[in-house]
There are 2 protein chains.
Amino acid sequence: MFLSRVTNALDAKGRVSVPADFRAVISSDRASGNFDGIIVWPSLSGPWLEGGGIALMREYQDLLDNMDPFDDDRIVFERTIFGEGRRLAFDANGRVSLPKDLAVYAGLDKQVTFVGLGRRFEILNPKDCETKFQQARAKVQQNPHRLRLGGKPASQDSAGSR
Amino acid sequence: MFLSRVTNALDAKGRVSVPADFRAVISSDRASGNFDGIIVWPSLSGPWLEGGGIALMREYQDLLDNMDPFDDDRIVFERTIFGEGRRLAFDANGRVSLPKDLAVYAGLDKQVTFVGLGRRFEILNPKDCETKFQQARAKVQQNPHRLRLGGKPASQDSAGSR
DNA sequence: TTATAAATGGGATAACATAGGATAGAGTGG
DNA sequence: CCACTCTATCCTATGTTATCCCATTTATAA
């Protein structure tokens, strides 16, 4: 499970270290022979990136496999999920090199922040991250009931927030 | 799993490099002795091409075996994918040469874009690709609920809205 | 402090995409 | 039946980019 917030440097070659904790998650749910790296895609919700391990992609694939092959929405999801995703392999030091267009999309410059979201994570500009965090906090304080921490029920979760 | 979007040049001889990532997928799920190349057919849905490895053809065959022999979808499926499909072998540099009629069908000229869709991929004109992607993105944003991205529960996710 | 792991920097190297000539095979016309 | 053309495949070459490898720094823990 991806947890916590880490800021690392993006070097001149476009490389950035993936936090060691995150790497541990990837390699633990990685059956031998699986891709050793992360999958990253531009968020549908705004100018930042989202990512996860290959296992997450398989979950998405399972969901899609259950859709009607001739459903119009199916191809739309296939394009957005698989077509936008990039496979970024770890180098020997646990770094990935971030494609330039993704960096531009997310406004990433010298520093990037990884934010764990459980099944997946976000990659964004540290400044934007701070802003988003404050907004999210404010929202929860206004509306504390939606997330019922500590109780089983939580029928309408929404926890995944994102 | 085929991921991401790559644009490569179609040269004067009708050759185009298949993205290295895609080739890796093919050779990884390729039992030794299998066909080293891609299978390409005109899409059922419009003027572009679809393709995959030989392994995908096997999957389709299994699917078809379980369909009603008189199902209309089945017949269309068989005719396009098996009937119209072409076997394009890699050359030493990982290129295939795209038959002229397929290029015409898909309106391919100097540049072609490969779009990963998980089990298969699309091959189309970069301009058309851009259009389709914008449409897909817009559609998913309007209707993110059909596919429960990011988690099991999330019946009315999107909570984090923003 | 010392030891261990993680993150960072940069030069060397290999992989990739692309171009073009050379060769072999299919099809056509004489 | 042979010569010719056209086309497809093979092979080598080259610029560009990514990745490999090693060295150094920073952080964490004993």
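Please read these numbers as outputs of a predicted model, since none were measured by experiment. Below, each value reflects all heavy atoms present in this structure, side chains not excepted, and no hydrogens, waters or symmetry copies.
The side chain of A:Arg15 contributes no N or O atom lying less than 4.0 Å from OP1 or OP2 of D:dC21. Listed pair A:Ser17 / C:dA6 fails the phosphate criterion, with no side-chain N or O lying under 4.0 Å from OP1 or OP2.
Remark: C1' of D:dA8 and CG of B:Leu10 are 15 Å apart, rounded to the nearest angstrom. If you take NZ of A:Lys13 and C1' of C:dA7, they are 15 Å apart, rounded to a whole angstrom. The separation between A:Phe22 atom CZ and C:dA6 atom C1' is 15 Å, rounded to whole Å. If you take CG of A:Asp11 and C1' of D:dT24, they are 14 Å apart, rounded to a whole angstrom. With rounding to whole Å, A:Leu98 atom CG is found 11 Å from D:dA18 atom P.
Atom OG1 of A:Thr80 and atom CD1 of A:Ile75 lie 9.5 Å apart (nearest 0.5 Å). Here CG of B:Leu88 is found 7.5 Å from CG of B:Leu102. Values are rounded to the nearest 0.5 Å. Rounding to the nearest 0.5 angstrom, the gap separating the CD atom in B:Glu78 from the CG atom in B:Asp71 is 10.0 Å.
Counting non-hydrogen atoms under 4.0 angstrom, A:Val18 reaches the backbone sugars and phosphates but no base.
Closest to the side chain of B:Ser97, out of C:dG11, D:dT19, D:dT9, is D:dT9. Out of C:dT8, C:dA19, C:dC16, the shortest distance to the side chain of A:Arg95 is found at C:dT8. Residue B:Asn8 has its side chain nearest to C:dA17 when only C:dA19, C:dG10, C:dA17 are considered.
Ring pair A:Phe121/A:Phe22 is tilted by interplanar angle, where 30° to 60° counts as tilted.
A salt bridge links A:Arg5 with A:Glu130: at least one charged nitrogen is closer than 4.0 Å to a carboxylate oxygen. Electrostatic pairing of B:Glu122 and B:Lys132 does not count as a salt bridge here, judged by no charged N lying under 4.0 Å from a carboxylate O. Ionic pairing of B:Lys139 and A:Asp73 is present here: one or more N-O contacts between side-chain nitrogen and carboxylate oxygen are shorter than 4.0 angstrom.
Residue-to-nucleotide proximity on DNA chain D shows that, of A:Asn93 and B:Asn93, the 5′-proximal contact is made by B:Asn93.
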### Task
Check step by step if side-chain contact (heavy atoms from CB on, under 4.5 Å) holds for B:Lys110 and B:Leu10.
CA-CA 5 Å; B:Lys110 299 276 178 225; B:Leu10 184 64; 5.9 Å; no
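Environment of CZ in B:Phe82: crowded, with over 12 heavy atoms of neighbouring residues, nucleotides or ligands closer than 6.0 Å.
Within residues 84-92 of chain A, no residue is approached by DNA chain C to less than 4.0 Å at the level of any non-hydrogen atom.
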Atom pairs, N/O to N/O, protein against nucleotides 27-30 of chain D, distance under 3.5 Å?
none

